[in-house]
Amino acid sequence: MYKSIAVTNKKSIMKKIGFFLAVIMAWNICNAQSPVGKWKKLSHVSTYEGQKFDSQQALLKQRPCAEKIIWEINADASFRLNAANSGCDERYKKIQQKMYSETKWKLEGNKFMVSATNFVVGQTYLISFAGNKMTWVGTEGQGTIVYQKL
């Protein structure tokens, strides 16, 4: 009699543990970080002739207004540069926004791809998150880009 109670308790405990693990796994999947949102570009470090170069910092020296440019990664797969409230001159805003007017993105595992040609041609990055920062590491020598979530 005691043996059947012990077996029943073990089965019950195993079911509870299994349910608890399933809940934890589902919670992790639902809370996986997504690139969707509004982002500020912090840096874009590339290597040129053996030297590291941060093109974002160079841009900010020439156009401080670019600090207020927002990068929008939208749920509809569009990837847009929004310079509307940057304070940059109208010609610059128009040119920059047009460059990204057709850009799409997709995520496959940790590979983040952007393309303005429906992925006939594009760029691929390995994406990672740490707190409110998103980092893209180019798979084809494009350097490393770091964004901060707004």
Side-chain angles (χ1 to χ4, degrees), residues 11-150:
K11 286 181 182 179
S12 175
I13 290 171
M14 293 304 286
K15 284 182 183 179
K16 288 178 184 176
I17 289 172
F19 176 75
F20 178 73
L21 289 174
V23 167
I24 296 266
M25 287 174 54
W27 184 82
N28 283 334
I29 290 168
C30 291
N31 288 306
Q33 288 187 291
S34 166
V36 173
K38 295 181 186 223
W39 300 86
K40 173 183 173 181
K41 187 184 282 188
L42 299 179
S43 67
H44 185 164
V45 177
S46 300
T47 303
Y48 179 72
E49 294 184 353
Q51 300 293 316
K52 289 197 183 273
F53 177 79
D54 189 334
S55 60
Q56 179 66 11
Q57 295 309 307
L59 171 63
L60 294 177
K61 285 180 183 174
Q62 295 295 315
R63 291 191 181 272
C65 62
E67 173 122 24
K68 295 179 184 171
I69 288 175
I70 296 171
W71 296 86
E72 298 175 351
I73 302 174
N74 300 304
D76 68 358
S78 63
F79 178 70
R80 299 291 181 265
L81 178 152
N82 182 340
N85 296 319
S86 66
C88 294
D89 63 86
E90 288 303 314
R91 184 171 180 258
Y92 181 77
K93 288 193 289 191
K94 193 179 227 181
I95 290 168
Q96 293 301 310
Q97 290 180 162
K98 184 167 178 60
M99 284 177 38
Y100 289 89
S101 65
E102 300 294 322
T103 305
K104 299 283 187 193
W105 68 274
K106 66 181 176 179
L107 183 63
E108 293 176 357
N110 70 335
K111 289 185 179 178
F112 187 84
M113 293 160 271
V114 291
S115 174
T117 61
N118 203 25
F119 300 97
V120 173
V121 179
Q123 296 179 318
T124 301
Y125 299 88
L126 299 178
I127 189 173
S128 63
F129 298 91
N132 67 343
K133 300 241 177 23
M134 173 176 64
T135 302
W136 300 0
V137 177
T139 61
E140 297 130 13
Q142 312 92 299
T144 300
I145 307 172
V146 178
Y147 294 93
Q148 180 177 11
K149 192 149 196 178
L150 299 177

Mind listing the closest non-hydrogen atom pair of [X] and [Y] along with its distance?
{"X": "Lys104", "Y": "Asp76", "answer": "NZ-O, 4.3 Å"}
{"X": "Ser115", "Y": "Gly122", "answer": "CB-CA, 4.0 Å"}
{"X": "Val36", "Y": "Trp39", "answer": "C-NE1, 4.3 Å"}
{"X": "Phe112", "Y": "Trp136", "answer": "CE2-CZ2, 3.1 Å"}

Partner residues of Glu140 under the side chain to side chain contact (heavy atoms under 4.5 Å, CB included) criterion, sequence neighbours left out
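For Glu140 the side chain to side chain contact (heavy atoms under 4.5 Å, CB included) partners, ignoring immediate neighbours, are Thr124, Gln142.
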
All side chain to side chain contact (heavy atoms under 4.5 Å, CB included) counterparts of Asn118, not counting sequence neighbours:
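Per chain and number, Asn118 pairs via side chain to side chain contact (heavy atoms under 4.5 Å, CB included) with no residue.
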
Can you name the residues that form a side-chain hydrogen bond (donor to acceptor under 3.5 Å, both in side chains) with [X], not counting sequence neighbours?
{"X": "Glu90", "value": "Lys93"}
{"X": "Tyr125", "value": "Gln123"}
{"X": "Ser43", "value": "none"}
{"X": "Asn85", "value": "none"}

Quick one: [atom1] on [X] to [atom2] on [Y], what's the gap to the nearest 0.5 Å?
{"X": "Arg80", "Y": "Glu102", "atom1": "CZ", "atom2": "CD", "value": "6.5 Å"}
{"X": "Thr135", "Y": "Leu126", "atom1": "OG1", "atom2": "CG", "value": "11.0 Å"}
{"X": "Cys88", "Y": "Gln97", "atom1": "SG", "atom2": "CD", "value": "9.5 Å"}
{"X": "Thr47", "Y": "Glu49", "atom1": "OG1", "atom2": "CD", "value": "11.5 Å"}

Keeping to residues at least two apart or across chains, list the disulfide bond (SG atoms under 2.5 Å apart) pairs with something in [range].
{"range": "residues 117-150", "value": "none"}
{"range": "residues 110-150", "value": "none"}
{"range": "residues 95-150", "value": "none"}

Kindly state each residue pair satisfying ring pair (Phe, Tyr, Trp, His ring centres under 6.0 Å) with at least one member in residues 44-67, sequence neighbours excluded.
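Sorted result for residues 44-67: empty, none.
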
Is any side-chain heavy atom of Val146 closer than 4.5 Å to one of Lys133?
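With C-beta onward as the side chain, the pair touches.
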
Is there a side-chain contact between Pro35 and Phe129, using heavy atoms and a 4.5 Å cut-off?
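A side-chain contact exists here, since the closest heavy-atom pair is under 4.5 Å.
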
Pairs satisfying salt bridge (charged side-chain N to carboxylate O under 4.0 Å, His left out), at least one member in residues 108-120, at least two apart
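Sorted result for residues 108-120: Lys106-Glu108.
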
Donor-acceptor pairs under 3.5 angstrom involving side-chain atoms of residues 58-73: please list them, not counting sequence neighbours.
residue, atom, partner, partner atom, Å
Arg63, NH1, Asp89, OD2, 2.9
Glu67, OE2, Lys40, NZ, 2.8
Glu72, OE2, Asn82, ND2, 2.8

